[in-house]
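Encoded as C-alpha cells, the structure appears first; notes follow it.
Side chains included, hydrogens not; waters and symmetry mates left out as well; all remaining heavy atoms used.
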Amino acid sequence: MAKSKYEYVKNFELPDPCLPNCWIVVRIDGRGFSRFADIHGYVKPNDVRGLNLMTRAATCVMDEFRDICLAFGQSDEYSFVFRKDTNLFNRRASKLMTVVNSLFASSFVFHWTGFFGPIRLQYPPTFDARVVMYPTDKNLRDYLGWRQADAHVNNLYNTAFWGLVLKKGFSNTQAEERLRGTLASDKNELLFSEFGLNYNNEPPMFRKGTVLIRKLCKTPGDGKLRHVVLPFYTDLIGDMFWRENPEILGMKSLQVYHRPTEENSIIQEHSKSSPKQDTPGSVASPTTNENSLISSEK
C-alpha cells in the first residue's frame, strides 16, 4: 500500500521488547471468577470440570505456540513459560500477552460444552494478563514454586472452609471466623477430626495444581512420534521434576514419554463428575505417577 499523510501516526506506537536471554512468563487470571463460578454452578471447593476446562484451554495455547515450554495452572489462573531464546513477535510484551490471553479466553468458551454439557454460559468470562521476565533459572523455579505454594495454601483453606459451610451448616461469616488465625496444622487437624479427611489423600491436582509440558509420544497404531502436551500433578519446588525433565531449563530436544499402565483410583473418583473425553483433544484421567495422557497432539 502506498504511503499516505496519515502514516505518521505509527510513530506513536512505542516498542516494548522483553529483555534478551530472559525467561518470559505470561500469567492469565480470571477476573471476577468467584461470581462466574457461583452463577455457573461450580462444585465447591474444587470443580474437576472447571479445572480440566482451564487445562484444555491452556493446552490449546501450547499447541499454537511451540516456544512455550511449560505451563502451570491452579484455580482460575495459568502461567505460560516461553523459552528464554524465543524471538516470537520479536519478543514484544504486548503481542505475547494479548495473543496468549485472547486464545486462552476463546478456547475456554469454545470448549465449554465439552466439560459442562447442558449448562449454558450466562455471560462471557474475562481474564486479565501480565508479562514478567526472569533472568535466571533459579528465578523461574522460585516463581513456579511460589505459584504452587499458593495453590496449596488456597486449597487447604478452601477445603476446610467449604467443609464447614456445606457439611456443618456454618454461614460464610462463621466459617471465616472459625478459620481466622489458624495455621496449616490447625486446618489439617480440623479436617481430620471434624470430617475424617486426611488432606494428604486429596487429589494432587487439587493440592499441587497442573503442570503442562511437551513430550514426544508414540501414537497407537502407527507408532509414530508426535509432539504431545501432557498434564502432570507433581511437585515443582523440589529437584526431582527438573532432573526428570532436563530439556525444559536446558532447552534441549524433547524426550520420549512412555505411557503409565495403572490408574489413580482417587483421582478417577473425583473425575466421574466430568464428561468423558475420548477425543485426541481431551484431558485424560490422571495416573499413579501423577500425570495423564493424552491432552492434545499435533
Does atom CZ of Phe195 have more than 12 heavy-atom neighbours, drawn from other residues, nucleotides or ligands, at distances under 6.0 Å?
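Yes, because the 6.0 Å sphere around CZ of Phe195 holds more than 12 heavy atoms from other groups.
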With a cut-off of 3.5 Å and sequence neighbours excluded, list every side-chain donor-acceptor pair involving residues 172-179.
unit_1	atom_1	unit_2	atom_2	d
Gln174	OE1	Ser171	N	2.9
Gln174	OE1	Ser171	OG	3.4

Hydrophobic clustering (ILVMFWY, side-chain heavy atoms < 4.5 Å, transitive) - are [Y] and [X] grouped together?
| X | Y | result |
| --- | --- | --- |
| Leu164 | Tyr199 | yes |
| Val153 | Met205 | no |
| Phe232 | Leu249 | yes |
| Met251 | Val211 | yes |
| Phe65 | Val26 | yes |

Arg214 side chain to Ile68 backbone, donor-acceptor under 3.5 Å:
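It does hold such a pair.
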Could you tell me which residues satisfy side-chain hydrogen bond (donor to acceptor under 3.5 Å, both in side chains) with Asn245, sequence neighbours excluded, listed by chain and number?
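For Asn245 the side-chain hydrogen bond (donor to acceptor under 3.5 Å, both in side chains) partners, ignoring immediate neighbours, are Lys215.
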What's the shortest heavy-atom distance between [X] and [Y], and which atoms?
| X | Y | result |
| --- | --- | --- |
| Trp162 | Pro45 | CD1-CB, 3.7 Å |
| Leu191 | Ala160 | CD2-CA, 3.7 Å |
| Pro17 | Pro15 | CD-C, 3.4 Å |
| Ser94 | Thr98 | O-OG1, 2.7 Å |
| Ile237 | Arg141 | O-NH2, 3.4 Å |
| Arg49 | Gly41 | NH2-O, 3.3 Å |

Checking side chain to side chain contact (heavy atoms under 4.5 Å, CB included) for the pair Thr55/Leu51: CA distance, chi angles, key distance, verdict?
CA-CA 6 Å; Thr55 294; Leu51 294 173; 5.7 Å; no
Gap separating the [atom1] atom of [X] from the [atom2] atom of [Y], nearest 0.5 angstrom:
| X | Y | atom1 | atom2 | answer |
| --- | --- | --- | --- | --- |
| Ile213 | Leu230 | CD1 | CG | 6.5 Å |
| Asp235 | Phe241 | CG | CZ | 10.0 Å |
| Thr136 | Asp142 | OG1 | CG | 7.5 Å |
| Asn101 | Phe80 | CG | CZ | 9.0 Å |
| Tyr143 | Ser79 | OH | OG | 2.5 Å |
| Asp47 | Ser75 | CG | OG | 11.0 Å |

Answer whether the closest heavy-atom distance between the side chains of Glu64 and Cys60 falls below 4.5 Å.
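Counting from C-beta outward, Glu64 and Cys60 never come under 4.5 Å.
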Can you find a pair of side-chain heavy atoms, one from Lys95 and one from Asn90, that are under 4.5 Å apart?
no
Partner set under side-chain contact (heavy atoms from CB on, under 4.5 Å) for Thr86, not counting sequence neighbours:
Ile24, Asp67, Phe82, Leu88, Arg91
How would you list, by chain and number, every residue that makes a side-chain contact (heavy atoms from CB on, under 4.5 Å) with Leu183, sequence neighbours excluded?
Ser185, Asp186
Please list every donor-acceptor pair under 3.5 Å in which a side-chain atom of residues 145-152 meets a protein atom from a residue at least two apart or in another chain.
unit_1	atom_1	unit_2	atom_2	d
Arg147	NE	Glu77	OE2	2.9
Arg147	NH2	Glu77	OE1	2.8
Arg147	NH2	Glu77	OE2	3.3
Arg147	NH2	Asp150	OD2	3.2
Gln148	OE1	Leu236	N	2.7
Gln148	NE2	Lys208	O	2.9
Gln148	NE2	Thr234	O	2.8
Asp150	OD2	Gln74	NE2	2.9
Asp150	OD2	Asn154	ND2	2.9

Evaluate the side chain to side chain contact (heavy atoms under 4.5 Å, CB included) criterion for residues Asn46 and Asn158: first the C-alpha distance (whole Å), next the side-chain angles of each, then the deciding distance (0.1 Å), finally the verdict.
CA-CA 9 Å; Asn46 293 288; Asn158 289 334; over 6 Å; no
Apart from Met240 itself, what residues make up its hydrophobic cluster, given side-chain heavy atom links below 4.5 Å?
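Traced through the cluster, Met240 reaches no other member.
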Connecting only ILVMFWY residues whose side-chain heavy atoms lie within less than 4.5 Å of each other, what is the rest of Leu254's hydrophobic cluster?
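So far as hydrophobic clustering goes, Leu254 is joined with Leu216, Leu225, Val256.
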In chain order, what residues pass the salt bridge (Lys or Arg N to Asp or Glu O under 4.0 Å) check against Lys167, with sequence neighbours excluded?
none
Write out all pairs satisfying salt bridge (charged side-chain N to carboxylate O under 4.0 Å, His left out) with one or both partners inside residues 187-197, taking only residues at least two apart or from two chains.
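Found Lys168-Glu194.
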Tell me which pairs pass salt bridge (charged side-chain N to carboxylate O under 4.0 Å, His left out) where either residue lies in residues 8-23, with sequence neighbours left out.
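Those involving residues 8-23 are Glu7-Lys10, Glu13-Arg92, Asp16-Arg92.
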As a quick check of understanding, evaluate side chain to side chain contact (heavy atoms under 4.5 Å, CB included) for Glu202 and Leu156, giving each step before the final call.
CA-CA 10 Å; Glu202 285 292 279; Leu156 178 58; over 6 Å; no
Test Leu144 against Trp242 for side chain to side chain contact (heavy atoms under 4.5 Å, CB included), laying out the working first.
CA-CA 12 Å; Leu144 294 168; Trp242 303 100; 3.7 Å; yes
Sort and list the pairs that fulfil ring-ring contact (aromatic ring centres under 6.0 Å, His included) and have at least one residue in residues 6-26, not counting sequence neighbours.
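Applying ring-ring contact (aromatic ring centres under 6.0 Å, His included) to every pair that reaches into residues 6-26, excluding sequence neighbours, yields nothing.
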Just list the side-chain donor-acceptor pairs under 3.5 Å for residues 117-132, sequence neighbours left out, or say none.
unit_1	atom_1	unit_2	atom_2	d
Gln122	NE2	Arg120	O	3.1
Tyr123	OH	Arg35	NH1	3.2
Tyr123	OH	Phe36	N	3.3

Please confirm whether the ring centroid of Phe116 lies under 6.0 Å from the ring centroid of Tyr42.
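Distance test on ring centres: under 6.0 Å, yes.
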Can Asp38 and Lys44 be counted as an ion pair, charged N to O under 4.0 angstrom?
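Lys44 and Asp38: salt-bridged.
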Val61, Val100, Thr210 screened by side-chain contact (heavy atoms from CB on, under 4.5 Å) with Tyr78, the one that passes:
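Passing option: Thr210.
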